[in-house]
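The basis for the numbers below is simple: all heavy atoms, side chains too, and nothing from hydrogens, waters or symmetry mates.
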Amino acid sequence: MEIVKHPVLGEMPKVKTVTIYFEGTPIVAREGQTVASALMSNGIYKLGHSRNSSQARGLYCGSGRCQSCLMSINGVDHVRSCKTLVREGMVVKQCTGDPDVRRDRHED
């Protein structure tokens, strides 16, 4: 959904569009829009799947605190899609696993 004519601000200016790719499908987004809002504008609300609660994950807080919107963006896993601005040609996928938090142990 996009506001074209605001009741107070009047006509909204036209914004440049970019194409991003969600799971291989091209999606048109507005420049300056976040990845999560671009997906929602195109009717995509499921951003991932919760392994713990076996249910869909999507935009929850919209401010980057809840981590519910984590996605794989341009090959980097677990990126907050609610805080990442779209760029031309961006590749977006649902995260399929948990982040790798293991670190090599250093023996002293």
Which atom of Tyr45 lies closest to which atom of Met40, heavy atoms considered: OH-O, 3.7 Å
Do Leu70 and Val79 come within less than 4.5 Å of each other through their side chains, counting heavy atoms only? no
Of all heavy-atom pairs between Gln94 and Lys46, which one has the smallest distance, and what is that distance? NE2-O, 3.3 Å
Any side-chain heavy-atom pair of Leu47 and Ser81 under 4.5 Å: yes
Does any part of the side chain of Phe22, heavy atoms only, come nearer than 4.5 Å to the side chain of Met71, both counted from C-beta? yes
Listing, residues 82-89 side-chain donor-acceptor contacts under 3.5 Å, not counting sequence neighbours, or none:
{"residue": "Thr84", "atom": "OG1", "partner": "Arg80", "partner atom": "O", "Å": "2.8"}
{"residue": "Glu88", "atom": "OE1", "partner": "Thr19", "partner atom": "N", "Å": "3.2"}

Residues in side-chain hydrogen bond (donor to acceptor under 3.5 Å, both in side chains) with Ser72, at least two apart? Asp77
Contacts of Val91 that satisfy side chain to side chain contact (heavy atoms under 4.5 Å, CB included) - sequence neighbours left out: Asn74, Lys93
Side-chain touch Tyr21/Ile27, heavy atoms, less than 4.5 angstrom: no
Do you know the tightest heavy-atom contact between Gln33 and Ser37? CG-OG, 2.8 Å
Side-chain donor-acceptor pair under 3.5 Å between Glu31 and Thr17, yes or no? no
State, with a plain yes or no, whether a side-chain heavy atom of Met12 is found less than 4.5 Å away from one of His6. yes
